[in-house]
Amino acid sequence: MKEFVKERVENVLEELYGVENRTFKVEKPKDESHGDIATNVAFLLAKGLRKSPVKIAEEIAQRLSEDKAFKTVEAVKGFINFRFSEDFIKKEFKKLLLEKDDYFRENLGDGLKVQIEYVSANPTGPLHLGHGRGAVVGDTLARLFEFFNYDVVKEYYINDAGRQVYLLGVSILYRYLEGCKEKDIEFFENLGKTFQQDGYRGEYVKELAERLKDIIGNKLCFPKTANLEEIRREILKKERDIPLYYTEKYKPKDIIELVSNYGLDLMIEEIKKDLSLINIEFDVWFSERSLYDDELVEELIDLLKGKGYIYEKGGALWLKTSEFGDDKDRVVKRSDGTYTYFASDIAYHYNKFKRGFKKVIDVWGADHHGYIPRVKASLSMLDIPSDWLEILLIQMVKLFRGGKEVKMSKRAGTFVALKELLEEVGQDAVRFIFLTKRSDTPLDFDLDKAKEKSSENPVYYVQYAHARISGIFREFKDRYGNELKVEELVEYVDFLSEEVEEKLMKKVLFFKDELIDITLKRDPHLLTYYLIDLAGAFHHYYNHHRILGMEEKIMFSRLALIKGIQETIRLGLDLMGVKAPQRM
RNA sequence: GGGCCCGUAGCUCAGCUGGAUAGAGCAGGGGAUUUCUAAUCCCCAGGUCGGGGGUUCGAGUCCCUCCGGGCCCA
């Protein structure tokens, strides 16, 4: 709708003043009395044309009021207010009924290759609330991009290299040894020191250890004398429920590595399961370790060296990120010869670039925001344009029960897992509520409210609108014995005569503008606001208008109207990954 | 100490590439069902947009500063 008006205005500018200008704004005024669409174009032209905005607005309005698409075009204090004609709205609404989702589609992306990387939680523990929020935001964005014809790849980066994974192995092995009646005490105690300091203490580690024990029995109670290869083969043979990527691929050099690899396999499977509970599936699981295996990290460091951005200090290799806006230079290779996370991160992003993505969106926890300047700096060094990588920050989720905060702490192992939340609240409510607030501000998640099945809970409010409409069509079939096709209804749109009905049609038609806005601004939370608004408008209408049993023209016209509303709600919910139920 | 985010109605939040009289939900009170789902609807209220200054024809929106809260880094 906006684009439609904008084009008309541009034509007039050309005609009247011979100027080209696309910088003016076309928007929905807050106040309905200012019409369906308004533009500030006159203000922007005033200077160049040496005329008052009021005068310009009048001239443009005058010219455009001949257009049949508009009922009125008014110049008010320099603004130009447009009101669509009834005919135009009905024509568009019919189009929408016939084209369905395609009506809202627009070729924004033109097949542009886009990667969205999200969640990417360390595979050392189950997903918690914050990950869930990032997952929903990233996934919804991906759906929006797909809708607008971007070629989207959803990717999860697995931090499967480095100390955290080592610590996972330590923790599992420690718990495993705890359960050995006879064991290598010295080994156990040494391991205990690391465990006490940095180990993972969640219950889930004990479960992983038990699973290991189920498979190999007590064969690891004396780790030093254990036959690693034999045990590995036994795991491969007996573990049948999950794919064993790491255990299979990597021959361990010590016991901890073996347990780490098996732990990784278990954890990643866990994470996939958690994600499937919230209706999320990734296209690519990208392994950090593969960057080392394929020597991409080394290659990258050499490349940067060649460009003169790397120097040695204190035995370590530093990257001159401060030359590109970072506070200071960063270590990429430590003096002990190991690479930092930063090094593999650069290699990873460089790899994304080489894979041909024209745009990359990273969804990160807000606690990583300090990391942005160095990553951006490194990309500049590689001559990658600065708008190639967009980073969206997701703020924390705080959980409230009975008005009190449920505290989370990963260290102590008392965090709230996403899985528990999903079990308690349900997938739809969780997804919806995660999108009720702008993602870069903290979210308070009220468990009691989320579970309530009433108007308190916007999820059900919106879903109920959809289900109600389904109910009306069900009832129609019961009474009149036949299923209705949209095609039969379309022509009846002409019989809609009330102002509310016109308003409803407009609200639905504007969803396209809304979707485009949401996508370009990467603001998926606005979807919920739109849907709540539309659902509210429908519920209001429903309570004041009878549909079935009315005179035929009226009945069918109203059925056409609510069909359009239903399709729109369904599409909106689809894009959020929330179900649109037929009945509730 | 440096950086980032936030501060809008009693509560939870929209609105932020400047635009016309600042919005919604909840909480409180009152009402609506012989009817296609009451998980619904209708009526009643509330604001120094954290304070101050600046830019502008116009500031909740941009800039500066202060206050308060959160996070990251040192």
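Quick note on labels: first sequence line is chain A, next is B, and so on, each numbered from 1. Since the model is a prediction, treat every value here as computed from it, not as a measurement.
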May I ask you to say what [X] touches in the nucleic acid, namely base, sugar-phosphate or nothing, with a heavy-atom cut-off under 4.0 Å?
X	value
A/F43	base
A/Y542	base
A/A38	base
A/H545	base
A/K437	sugar-phosphate

| said: Base of B/A14, side chain of A/D533 - is there a donor-acceptor contact under 3.5 Å? | reply: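 No such pair is found, so the answer is no.
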| message | Ring centres under 6.0 Å, that's the criterion: do A/Y530 and A/F510 meet it? | response |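 Not close enough - the centres of the two rings lie 6.0 Å or further apart.
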| Are the aromatic rings of A/F104 and A/F147 close, with centres under 6.0 Å apart? |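 Distance test on ring centres: not under 6.0 Å, no.
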For [X] and [N], is the shortest distance between a side-chain N/O and OP1 or OP2 below 4.0 Å?
X	N	answer
A/H369	B/G3	no
A/S470	B/C36	no
A/R558	B/C36	no
A/Y461	B/C41	yes
A/H539	B/A32	no

Separation of atom [atom1] in [X] from atom [atom2] in [N], rounded to whole Å:
X	N	atom1	atom2	value
A/F24	B/U17	CZ	P	18 Å
A/I372	B/C4	CD1	C1'	8 Å
A/L527	B/C13	CG	C1'	17 Å
A/Y371	B/G2	OH	P	25 Å
A/D428	B/A39	CG	P	18 Å
A/H544	B/C42	NE2	P	6 Å
A/D446	B/G25	CG	C1'	13 Å

Among the nucleotides [options], which one has an atom lying closest to any side-chain atom of [X]?
X	options	answer
A/H540	B/C13, B/U40, B/C41	B/C41
A/F79	B/A14, B/C36, B/A20	B/A20
A/M396	B/G19, B/G70, B/A14	B/G70
A/H525	B/C6, B/C36, B/A14	B/A14
A/N81	B/C6, B/A20, B/C36	B/A20
A/I472	B/C36, B/C5, B/A20	B/C36
A/L526	B/C36, B/A14, B/G19	B/A14
A/D444	B/C5, B/A39, B/C13	B/C13
A/R438	B/C72, B/C36, B/A14	B/A14
A/R468	B/G19, B/U12, B/A38	B/A38

| request: Start with the C-alpha distance between A/H539 and A/Y461, add both sets of side-chain angles, then the distance that settles ring-ring contact (aromatic ring centres under 6.0 Å, His included), and finish with yes or no. | output: CA-CA 9 Å; A/H539 286 310; A/Y461 186 78; 4.8 Å; yes
When the [atom1] atoms of [N] and [M] are considered, how many whole Å apart are they?
N	M	atom1	answer
B/U56	B/G23	P	28 Å
B/G28	B/C11	P	15 Å
B/G10	B/G3	P	33 Å
B/A22	B/G15	C1'	8 Å
B/G47	B/A9	P	10 Å
B/G25	B/U17	C1'	28 Å
B/G50	B/G70	C1'	16 Å
B/C62	B/C49	P	16 Å

| task | Measure from NZ or CZ of A/K6 to the centre of the six-membered ring of A/F24 and say whether it is under 6.0 Å with the direction within 45° of the ring axis. | result |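 Judged by the rule (NZ or CZ under 6.0 Å from the ring centre, within 45° of its axis), A/K6 counts as positioned above A/F24.
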| Would you call A/D36 and A/R83 a salt bridge, taking side-chain N to carboxylate O under 4.0 Å as the test? |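 Here A/D36 does not pair with A/R83 in a salt bridge, since their nearest N and O are not under 4.0 Å apart.
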| field | Distance in Å, A/T528 OG1 paired with A/R431 CZ, rounded so as to fall on 0.5 Å steps | value | 13.0 Å
| Spacing of CG belonging to A/L97 relative to CE belonging to A/M505, to within rounding of 0.5 Å | 10.0 Å
| field | Side-chain heavy-atom pair A/V12, A/Y17 within 4.5 angstrom cut-off | value | no
| said: I'd like to check, for A/Y529, whether its ring lies over the base of B/A14 with centroids under 5.5 Å apart and a plane angle smaller than 30°. | reply: no
| A/T39 or A/G536, whichever maps to the more 5' nucleotide of RNA chain B | A/T39
| request: On RNA chain B, check which nucleotide each of A/P442 and A/N40 is closest to and give me the residue with the more 5' one. | output: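 The residue mapped nearer the 5' terminus is A/P442.
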